[in-house]
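Heavy-atom basis, side chains included; hydrogens, waters and symmetry copies ignored. So that the names make sense, note that chain A is the first sequence line, chain B the second, and so on, each numbered from 1.
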Amino acid sequence: MSYDFKKIESKWQEFWAKNRIFKAQNKSSKPKFYVLDMFPYPSGAGLHVGHPLGYIASDIYARYKRHKGFNVLHPQGYDSFGLPAEQYAIETGQHPANTTDKNIKRYREQLDRLGFSFDWSREIRTSNSNYYKWTQSFFLLMFNHYYCNDKNKSRPIEDLIKIFEIEGNRRINAVTDRKVELFNSSEWNSFSFKKKQNILINYRLAYLAEKDVNWCPKLGTVLANDEIINGVSERGGYTVVKKKMKQWSLRITAYAERLLEDLNLIDWPDALKEMQRNWIGKSKGARVFFDIKGFDDKIEVYTTRPDTIFGATFLTLAPELEIVKKINSKSNKKEVLKYIDSTLKKSQLDRMSDIREITGVFTGAYAIHPFTRKLIPIWIGDYVLADYGTGSVMGVPCGDQRDYDFAKKFKISIVNIFKNVSIEKEAFTDKSETIITNSSFLNNLSFEKAFETVIKELEKNGLGFKEVNYKLRDAVFSRQRYWGEPIPIYYKEKVPVPLNFESLPLNLPEVENYLPGKEGAPPLSNANSWAWDEKNNKVVKNKYIDDKNIFPLELNTMPGWAGSSWYFYRYMDSENEENFADSKIISYWKDVDLYVGGSEHATGHLLYSRFWQKFLFDLELVPVKEYSKKLINQGMILGNSAFIYRKVGENVFVSKKLIKNLSDFDPIRIDIKYLINEDELDIKNLKISSSDFSNSKFICENGKFFAKREIEKMSKSKYNVVNPDEICDKYGADTLRMYEMFLGPIEQAKPWNTSGISGVHGFLKKLWRLFYDNEILIVNDSNPSKEMLKTLHSTIKKVTDDIESFSFNTCISSFMICVNELQNLKCRSRKILEKLIILLSPFAPHISEEIWERLGNSNSISEVDYPIFDQKYLIENEKNYPISFNGKFRFNINLSLSLTNNEIKEIVLSDNKTVNFLKSKKVKKVIIVPNKIINIVF
RNA sequence: GCCUCGGUGGCGGAAUUGGUAGACGCGCUGGAUUCAAAAUCCAGUUCUUUCGAGAGUGUGGGUUCGAUUCCCACCCGAGGUACCA
């Protein structure tokens with residue numbers, strides 16, 4: 001009997017599903033362990049071999065933890081709202097829900113073949129209304145809260161209203177996106193409903209505001225910063241322009257400091273934490289006020305180098321600022337307006353390609369230096385961003401390269417305020433070597449000293465104050481799309497009013513088509529029933545909108561990251577109708593112990609979900625500040641694309657090595673299924689299957705035609721995808737699982753290469769032969785030899801250590817060595833072989849279950865305890881290091897050490913206990929820890 | 001430009017905290033079994049070599065009895081970021 005993986009794998013997959021082996025219990029005496037995968041977006045292309053990489057790793061760990069006696073929660077679901085389904089709907093008229101269902105079915109089939117230990121009873125879909133009901137409820141909570149800086153947490157908006165009623169807003173210390181006018185209590189109480197709402201919206205955590213947003217005309221929607229790659233849309237690669245639009249935003253900036261600070265609490269990859277730190281972009285500096293000559297207004301600038309204030313020779317304002325139009329003099333008016341206009345028209349891409357090209361216009365106005373009282377010119381320039389800091393900077397040419405270039409180009413004076421430094425060629429920006437001169441009371445101070453001194457002076461004279469800034473922007477939350485969560489808001493007197501909680505979910509309406517409506521209105525404007533009956537709390541037809549109780553509903557939907565910001569809590573209690581999850585169940589599972597997913601979500605999902613968590617934490621809906629203790633980023637599996645070369649202008653293809661001059665040829669992408677033996681082209685097959693090539697001529701070398709291979713991202717459009725189904729058919733899921741782990745370190749990107757898979761498959765066949773000689777089970781109850789025990793226990797140790805550190809690739813090596821050694825030792829001992837098979841079962845669960853059963857066990861192998869390493873079976877060889885040394889040594893358990901050094905002759909360690917060595921005057925202490933370092937201190 | 005990570009045979013990659021570099025797998029070479037193939041098994045496989053040995057972990061220095069590992073400078077690659085004052 002040989003290793004019949006097809007029969008084995010379908011048998012056990014059925015068994016696991018039927019017996020609900022992996023169903024997690026919400027009550028258990030066992031310790032809990034929550035293993036989470038980033039749930040997939042079910043695209044139409046199905047899975048390729050790259051997708052399951054992370055799932056395999058997390059599945060191994062989940063199965064391992066079950067063996068170790070944990071109550072493991074390992075769920076899976078679908079992030080099923082999203083753009084591709086909608087684009088497909090626009091093209092074909094099919095409802096996105098239908099295509100999404102179809103795709104999910106296909107995904108599930110593919111996932112099921114790989115033998116994952118998911119608890120499918122907890123499956124969730126973000127596009128189901130019983131799920132997005134809660135996403136909507138969290139939006140309402142954000143709408144009904146504001147961020148209180150004094151308590152440093154979110155508080156109910158009612159608290160704020162109460163304060164307004166008693167004393168107005170003068171003493172309020174809350175996060176707002178712009179300055180709010182000041183009022184006292186009697187003023188507040190006299191305000192109309194509309195006016196009150198327009199004030200409150202400035203404080204809400206979910207707020208509506210006119211914003212410069214990234215508008216993608218081709219997609220007909222706005223995009224968040226993290227959805228733009230190199231100035232074009234991540235999806236489709238379309239141009240993006242700045243546009244002013246009224247948009248919903250979430251006040252993530254209120255949490256900037258906590259998001260930064262709490263990175264210290266979590267065990268996430270350093271690279272990813274660093275990305276989040278940079279994205280948050282904290283900087284310390286000062287705000288400085290400049291008077292404007294001839295105006296009452298002041299210009300406020302933000303600077304991280306207030307120590308260089310005496311080097312400021314001009315101010316530059318962002319062209320978009322309101323004040324620009326006010327202060328520019330008549331003589332320059334035309335030029336200034338033209339410049340403002342051209343800035344607004346530029347697309348993201350233009351602005352990026354124009355990088356370092358210096359442009360700007362003098363406004364004709366002058367500011368007054370706060371200390372010297374000298375006049376300095378006010379310019380505008382698009383290198384100053386309107387939405388960072390104050391949108392204005394003080395130009396210090398000697399201390400900032402951009403200011404330096406600007407001053408040089410426009411012949412503005414440059415003052416050197418650095419001691420013993422030349423600024424002939426470029427600005428001097430090294431803070432650590434800065435010594436200030438030529439600067440009145442700051443002379444001879446270092447950067448740190450000058451920084452503190454000048455801020456004190458500014459604050460004393462009311463000329464400015466210390467300030468911290470963040471690059472992080474509030475998250476735009478409106479999308480002009482159909483296939484997303486409706487925002488539970490209606491408009492009364494053009495003011496947004498939240499639906500009450502009881503009327504959720506606000507279901508996505510049916511629409512006739514999914515394109516934008518009139519005048520670019522979002523697709524929801526195409527719905528006939530999309531108005532809110534306030535009295536009866538229900539959706540009604542738009543035609544009643546003139547009725548005094550009926551109001552228009554919000555037309556925008558939520559972005560893709562809304563549903564994924566809290567889904568890990570829904571898995572805990574996915575059926576709950578009363579709450580997003582029961583609070584007792586939440587306090588049992590608490591948080592995610594291991595989260596596995598791609599690093600491409602570093603500044604998107606992984607930041608938004610942390611923000612969402614902190615908000616829920618403030619409301620005491622969740623028990624922890626961070627939802628995921630540990631995160632592992634799996635690297636991408638890359639595809640190996642194939643190109644063949646066609647002579648320019650001819651239908652003639654030439655084999656790779658015969659080409660001398662590449663410029664005479666066009667590379668043509670072909671599907672890798674037409675390749676045999678790595679890079680040889682199957683011309684016959686290609687000609688038959690693809691009409692494009694049926695009349696082509698192929699020039700071969702030695703009768704064979706070779707293609708060029710190139711490593712790039714695996715994708716359907718690049719014709720380089722490898723389908724896991726094919727691998728399962730040919731080698732089985734256990735082989736695929738092990739091979740994907742064997743390819744290399746989990747977090748590294750690595751190209752897919754099928755040629756190595758035979759080694760792993762051969763291992764499983766060899767493993768089978770350890771138990772079976774043809775038809776006969778050869779395992780017996782003989783006692784194992786010392787060597788066998790040593791092999792087993794060193795494998796237990798290596799594999800356990802490596803699983804704990806997520807080095808799954810070296811685990812596989814250890815298994816291979818173990819099986820080889822046991823084969824050589826002709827091991828037949830059940831005591832050894834049973835343990836080996838348990839050890840292997842997280843990696844190759846199907847074959848392990850099968851063998852386990854054939855050995856006469858009636859329970860599932862997943863319910864068995866993991867073997868425990870016993871040190872006594874490891875006997876290390878004695879090692880001699882005939883050298884003199886100074887410092888640390890590392891040995892295994894038994895040690896004999898001779899030294900040629902005159903001072904120490906011998907250190908002998910045996911049985912971990914007796915230590916003999918000749919005392920030396922120079923040796924102060926010898927610390928010996930078994931299996932650790934021997935530290936000899938001189 | 002800045003930030004982060006990395007660079008080891010023909011290839012994917014091992015090497016615990018500074019202690020025999022190249023584990024394990026692929027590929028390749030030779031052999032066994034076979035009518036033959038598949039499958040399987042055994043041996044070899046960093047490079048150079050006058051077969052004594054010598055060189056060798058991107059390059060050049062340094063620390064150390066000893067460096068793939070630590071330090072400095074540089075080169076190359078991947079990812080992130082894009083005028084953030």
Side-chain angles (χ1 to χ4, degrees), chain A residues 2 225-226 229-231 269-279 281-283 285-286 301-306 308 312 315-316 318 348 351-352 354-358 381-385 387-396 399-403 405-406 469-473 599-600 602-603 633 635-636 678 738-739 742-745 747-763 765-766 769 797-798 801-802 805 807 809-818 820 823 879 881-892 899-901 931-933 935:
Chain A
S2 61
N225 285 344
D226 68 279
I229 310 286
N230 295 329
D270 289 336
L272 192 131
K273 286 198 203 177
E274 197 59 31
M275 264 189 244
Q276 292 208 344
R277 282 193 197 102
N278 291 340
W279 193 262
K282 182 178 184 174
S283 71
V301 305
Y302 173 71
T303 174
T304 54
R305 294 297 302 274
T308 62
L315 301 187
T316 313
Q348 287 275 106
R351 261 185 116 144
M352 281 175 61
D354 288 351
I355 208 161
R356 303 268 167 233
E357 199 199 306
I358 304 147
D382 69 0
Y383 80 96
V384 179
L385 304 174
D387 55 356
Y388 178 77
T390 59
S392 318
V393 303
M394 63 179 197
V396 183
D400 183 288
Q401 194 56 44
R402 288 157 307 175
D403 294 345
D405 296 339
F406 196 85
N469 249 306
Y470 301 90
K471 280 198 258 182
L472 185 70
R473 306 294 150 84
S599 60
E600 67 271 22
T603 54
N633 289 132
M636 227 188 307
E678 276 296 296
M738 292 193 79
Y739 184 57
F742 189 59
L743 273 175
E747 69 282 1
Q748 205 169 85
K750 45 209 164 257
W752 177 262
N753 177 3
T754 315
S755 71
I757 204 166
S758 62
V760 173
H761 191 60
F763 160 77
K765 288 201 272 191
K766 206 183 241 182
R769 285 200 305 275
K797 174 148 179 55
K798 271 189 266 173
D801 288 353
D802 285 346
S805 60
S807 310
N809 54 332
T810 50
C811 285
I812 314 271
S813 296
S814 302
F815 284 126
M816 287 173 172
I817 295 167
C818 181
N820 274 333
Q823 192 71 270
K879 286 183 182 177
Y881 286 86
I883 42 168
S884 63
F885 70 97
N886 191 356
K888 286 177 181 176
F889 251 101
R890 184 191 171 81
F891 291 94
N892 287 318
L899 298 161
T900 54
N901 185 309
N931 202 30
K932 284 265 168 173
I933 294 163
N935 197 356

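Across the C1' atoms, B:A21 and B:A73 are found 26 Å apart, a figure rounded to whole Å. Rounded to the nearest Å, the gap between the P atom of B:G62 and that of B:U57 is 15 Å. For the C1' atoms, the distance from B:G56 to B:U68 is 11 Å, rounded to whole Å. Separating the P atom of B:U69 from that of B:G7 is a span of 10 Å, rounded to the nearest Å. For the P atoms, the distance linking B:U20 with B:G27 amounts to 30 Å, nearest Å. With both ends at atom P, the span from B:G58 to B:C11 equals 14 Å, rounded to whole Å. Going from the P atom of B:C26 to that of B:C42 covers 12 Å, rounded to whole Å. Rounded to whole Å, the separation between the C1' atoms of B:U46 and B:G9 comes to 5 Å.
The side-chain contact (heavy atoms from CB on, under 4.5 Å) test with A:Tyr383 is passed by exactly one of A:Ile358, A:Asp405, A:Asp403: A:Asp403. For the side-chain contact (heavy atoms from CB on, under 4.5 Å) criterion with A:Val384, the lone passing option out of A:Leu315, A:Thr390, A:Val301, A:Val393 is A:Val393.
In this structure, A:Trp752 atom CH2 and B:C26 atom P are separated by 15 Å, rounded to whole Å. Remark: P of B:A85 and CD of A:Gln401 are 15 Å apart, rounded to the nearest angstrom. The distance between atom CG of A:Asp270 and atom C1' of B:A78, rounded to the nearest whole Å, is 17 Å. When rounded to the nearest whole Å, the span between CZ of A:Phe742 and P of B:A14 equals 10 Å. Atoms CG (A:Asn278) and P (B:C5) sit 12 Å apart, rounded to a whole Å. The distance between atom CG of A:Leu272 and atom P of B:C5, rounded to the nearest whole Å, is 13 Å. Rounded to whole Å, the distance from CD on A:Glu600 to P on B:G79 is 13 Å. One atom, CG of A:Leu315, and another, C1' of B:A85, lie 12 Å apart when rounded to the nearest Å.
Shown here, B:A39 forms no base pair; nothing in the strands shown gives a Watson-Crick or G-U wobble contact with both key distances under 3.5 Å. Across all strands shown, B:U34 forms no Watson-Crick or G-U wobble pair with both key distances under 3.5 Å. The nucleotide B:C83 finds no pairing partner, because no Watson-Crick or G-U wobble arrangement with both distances shorter than 3.5 Å includes it. Under the Watson-Crick or G-U wobble criterion, with both distances below 3.5 Å, B:U17 has no partner in any strand shown. Across the strands present, B:A67 finds no partner; the criterion is a Watson-Crick or G-U wobble pair with both atom distances under 3.5 angstrom. Across all strands shown, B:G10 pairs with B:C26; the Watson-Crick or G-U wobble distances both stay below 3.5 Å. Both distances falling under 3.5 Å, in either a Watson-Crick or a G-U wobble arrangement, place B:A53 opposite B:U48. Under the Watson-Crick or G-U wobble criterion, with both distances below 3.5 Å, B:C74 is paired with B:G58.
Electrostatic pairing of A:Asp387 and A:Arg473 counts as a salt bridge here, judged by a charged N lying under 4.0 Å from a carboxylate O.
A:Ser814 comes within contact range of no nucleotide atom at all, as no heavy-atom separation falls under 4.0 Å. Counting any heavy atom pair closer than 4.0 Å across all strands shown, A:Pro751 reaches no nucleic acid atom. At a threshold of 4.0 angstrom between heavy atoms, the contacts of A:Asp403 with the nucleic acid are absent. If you check every strand for non-hydrogen atoms under 4.0 Å, A:Arg277 touches nothing.
B:G58: glycosidic angle beyond 90° from 0, hence anti. Classified by its glycosidic torsion, B:G52 falls in the syn category, the angle being within 90° of 0.
Distances were taken from every side-chain heavy atom of A:Asp400 (C-beta onward) to each of B:U4, B:A85, B:C3; the shortest belongs to B:A85. Checked against B:A14, B:C26, B:C83, the side chain of A:Asp382 finds its nearest nucleotide in B:C83. The side chain of A:Met816 sits closest to B:C24 out of B:C83, B:C24, B:G13. Nearest to the side-chain atoms of A:Ala271 among the listed nucleotides B:G13, B:C83, B:U4 stands B:U4. The side chain of A:Pro745 sits closest to B:A14 out of B:A14, B:G79, B:A85. Residue A:Tyr302 places its side chain closer to B:A85 than to any other of B:A85, B:C24, B:G80. Looking at the side chain of A:Ile817, the nearest of the listed nucleotides B:U81, B:A39, B:A23 is B:A23.
For A:Lys766 and B:C41, the shortest distance from a side-chain N or O to OP1 or OP2 is below 4.0 Å. Between A:Tyr388 and the phosphate of B:A85, there is a side-chain N or O to OP1/OP2 separation shorter than 4.0 Å. Listed pair A:Thr316 / B:A85 fails the phosphate criterion, with no side-chain N or O lying under 4.0 Å from OP1 or OP2. Contact check, A:Arg769 against B:C41: a side-chain N or O comes under 4.0 Å of OP1 or OP2. Look at A:Gln748 and you'll find a side-chain N or O under 4.0 angstrom from OP1 or OP2 of B:G13. Residue A:Asn820 has a polar side-chain atom (N or O) positioned under 4.0 Å from OP1 or OP2 of B:G25.
Nearest-nucleotide mapping onto RNA chain B: of A:Ile757 and A:Asp802, the residue sitting toward the 5' end is A:Asp802. Comparing A:Tyr470 and A:Trp279 against RNA chain B, the residue whose closest nucleotide sits nearer the 5' end is A:Trp279.
A:Phe742 has its side chain within reach of A:Ser813: a pair of non-hydrogen atoms, C-beta onward, lies under 4.5 Å apart.
Remark: side-chain polar atoms of A:Lys750 are paired, donor with acceptor, to backbone N or O of A:Gln748 under 3.5 angstrom. The backbone N or O of A:Ala602 lies less than 3.5 Å from a partner atom in the side chain of A:Gln276, making a donor-acceptor pair.
Taking the six-membered ring for Trp and the full ring otherwise, A:Trp752 and A:Tyr739 have centroids separated by under 6.0 Å.
With no hydrogens or angles considered, a side-chain donor-acceptor pair links A:Asn820 and A:Lys766 at under 3.5 Å.
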Verdict with supporting geometry, A:Asn809 and A:Leu743, side chain to side chain contact (heavy atoms under 4.5 Å, CB included): CA-CA 7 Å; A:Asn809 54 332; A:Leu743 273 175; over 6 Å; no
